[in-house]
Protein chains: 2
Amino acid sequence: MNTYTEENYLKAIFKYSNKTKEGVSTNVIADELDTKASSVTDMIKKLSDKKLVIYKKYKGVTLTNEGRSIAVSVIRKHRLWEVFLVEKLDFKWDEVHDIAEQLEHIHSEELVKRLDTFLDNPKYDPHGDPIPDEYGNLQHHKDITLSDLAIGKKGVIVGVKEHSTSYLKYLESINLVLGAEIKVNNIVDFDHSMSISIGKNTVNISNQASKNLIVKKL
Amino acid sequence: MNTYTEENYLKAIFKYSNKTKEGVSTNVIADELDTKASSVTDMIKKLSDKKLVIYKKYKGVTLTNEGRSIAVSVIRKHRLWEVFLVEKLDFKWDEVHDIAEQLEHIHSEELVKRLDTFLDNPKYDPHGDPIPDEYGNLQHHKDITLSDLAIGKKGVIVGVKEHSTSYLKYLESINLVLGAEIKVNNIVDFDHSMSISIGKNTVNISNQASKNLIVKKL
DNA sequence: AACTATTTTTAGACTTGCCTAAAAATTAAA
DNA sequence: TTTAATTTTTAGGCAAGTCTAAAAATAGTT
């Protein structure tokens, strides 16, 4: 059984593990977890002793299969609980993160299995992030963002890459929610801001905003 | 914000706080929490500093209003989550304790409020224990147990005083579940074991079993 | 290739919650 | 009411997870 803290470290390492074999640096982890690099070094040694990560001094850290498996299971729980909070308890998509951050550490395989069933085996969480299946398989979105669409092209919003409350509230206020169909009317050369149509409405959004919206081309 | 551990101490103190003003002894708390009296003394000092308990050396400990309020809110969460697990996720009444023990420490007032609504404001948990309302009001069962019923009397099972898996499984196996109507056929003078009717069936149960069943007289 | 800047690790220390062993206070008994 | 038994507290220590400051390693620059 791993502690709350260990699970958060594994999740952070997973988040910054890219396909290339490069280890995740202690500074990156420290930044993600709001702690200090020296604390990260300590914890990594402990995780290494437990064979959850592979660690070579000054070379960063990578997850073992077991470490990855734990990280993914925590992510699975986080996302399932988010679905529960939004679908069953009527929370808004910008309100669920902190609560799910706690719920993801509840230990009970049976609970997760039953929750998944209760929620009808959802494939995506309220932000469009894919929910790993019970075997730890996790498929990623193709990474096309609204900012990649050319003038005249249409798409559907399928996810967000940034989860801050202010961003999510903003998106909701202009009806840029999951499933919304949009069309790119114009792109300003200077700052890459866009004019887009959402249903009958037209809005202008910055590049920063469009870069963080994952779309499927239509 | 209080830690997981602090909340468990408050819950334990609440459990053994009786109406009389006597403080709860450190040994009783140590026993309840599976720890040592010396550890309890340490924690009690900390809770006392935080004004959650009143502590006089060698005289035991009592909850302040605030300490009681936190204890009751943890109990409220525990019991609401038990209802969720049984009613929504189809867990058996003997399977929910350990999971609720974790869920009770999730911090979010809004979550509790919405969970309560989602569950239709239940008044009792799956073991018949009353659920405190959101203001911390908690009414106890009148403490009549099956062992108090005389020969020929009828009653309804409304709760259990012992939550062990083996006891709960046993009760279920003989259909002694919440809401079951029973009648006392006979009581053996020697060991106070009882013959009782449940629907069309007749079973014999020990005094130890009947002492832990809370009934309402019919 | 040598110096500088940056990153990472080590060393030592703090807090929380726990322990054991011993001392002190309380309670019970003769 | 003095002694004996029990309960409770104190003292000192340990592991987890964190910190700061300093040392070591790596990376970048000229």
Provide the full list of side-chain hydrogen bond (donor to acceptor under 3.5 Å, both in side chains) pairs with a residue in residues 54-69 of chain B, sequence neighbours left out, each pair given once.
none

Mind jotting down which residue pairs meet the side-chain hydrogen bond (donor to acceptor under 3.5 Å, both in side chains) criterion with at least one end in residues 33-44 of chain A? Sequence neighbours excluded, please.
none

From D:dT18, C:dT20, C:dT9, pick the nucleotide closest to the side chain of B:Lys36?
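Of D:dT18, C:dT20, C:dT9, C:dT20 is nearest to the side chain of B:Lys36.
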
Looking only at C:dC19, C:dT10, C:dT7, the nucleotide nearest the B:Asp42 side chain is C:dC19

According to salt bridge (Lys or Arg N to Asp or Glu O under 4.0 Å), does anything in residues 78-90 of chain A pair up with another residue at least two apart or in another chain? List the pairs.
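Of all non-adjacent pairs touching residues 78-90 of chain A, those that pass salt bridge (Lys or Arg N to Asp or Glu O under 4.0 Å) are A:Arg79-A:Asp125.
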
Restricting to pairs with a member in residues 96-113 of chain A, which pass salt bridge (Lys or Arg N to Asp or Glu O under 4.0 Å), not counting sequence neighbours?
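The answer is A:Lys11-A:Glu101, A:Lys11-A:Glu104, A:Glu110-A:Arg114.
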
Check the distance between [N]'s [atom2] and [X]'s [atom1] and give it to me in whole angstrom.
| X | N | atom1 | atom2 | result |
| --- | --- | --- | --- | --- |
| B:Glu22 | D:dT7 | CD | P | 15 Å |
| B:Asn27 | C:dA25 | CG | C1' | 14 Å |
| B:Met43 | C:dC19 | CE | C1' | 14 Å |
| B:Ile29 | C:dC18 | CD1 | P | 12 Å |
| B:Lys45 | C:dT16 | NZ | P | 14 Å |
| A:Asp31 | C:dT7 | CG | P | 11 Å |
| B:Asn8 | C:dT16 | CG | P | 18 Å |
| B:Ile44 | C:dT16 | CD1 | C1' | 16 Å |

Under 3.5 Å, is there a donor on one side chain and an acceptor on the other for A:Ser25 and A:Asn27?
no

Please tell me if [X] has a side-chain N or O lying less than 4.0 Å from either OP1 or OP2 of [N].
| X | N | value |
| --- | --- | --- |
| A:Thr35 | D:dC19 | yes |
| A:Tyr55 | C:dT8 | no |
| A:Tyr9 | D:dA16 | no |
| B:Ser25 | D:dT8 | yes |

List the residues meeting ring-ring contact (aromatic ring centres under 6.0 Å, His included) with B:His163, not counting sequence neighbours, and say none if there are none.
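Residues passing ring-ring contact (aromatic ring centres under 6.0 Å, His included) with B:His163: B:His127.
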
What's B:Tyr4 touching, base or sugar-phosphate or nothing? Going by heavy atoms closer than 4.0 Å.
nothing

Mind checking if A:Ser39 touches a base, just sugar-phosphate, or nothing, with heavy atoms under 4.0 Å?
base

Nearest heavy atom decides the nucleotide; on that basis, is A:Thr5 or B:Lys56 closer to the 5' end of DNA chain D?
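Whichever sits nearer the 5' end wins; that is B:Lys56.
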
Spatial distance of atom CG (B:Leu168) from atom CD (B:Glu95) [nearest 0.5 Å]
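Atom-to-atom, B:Leu168:CG and B:Glu95:CD are 10.5 Å apart.
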
At a cut-off of 3.5 Å, list every protein nitrogen or oxygen paired with a nitrogen or oxygen from nucleotides 21-29 of chain D, distance to 0.1 Å.
unit_1 : atom_1 : unit_2  : atom_2 : d
D:dA25 : O4'    : A:Tyr58 : OH     : 3.4

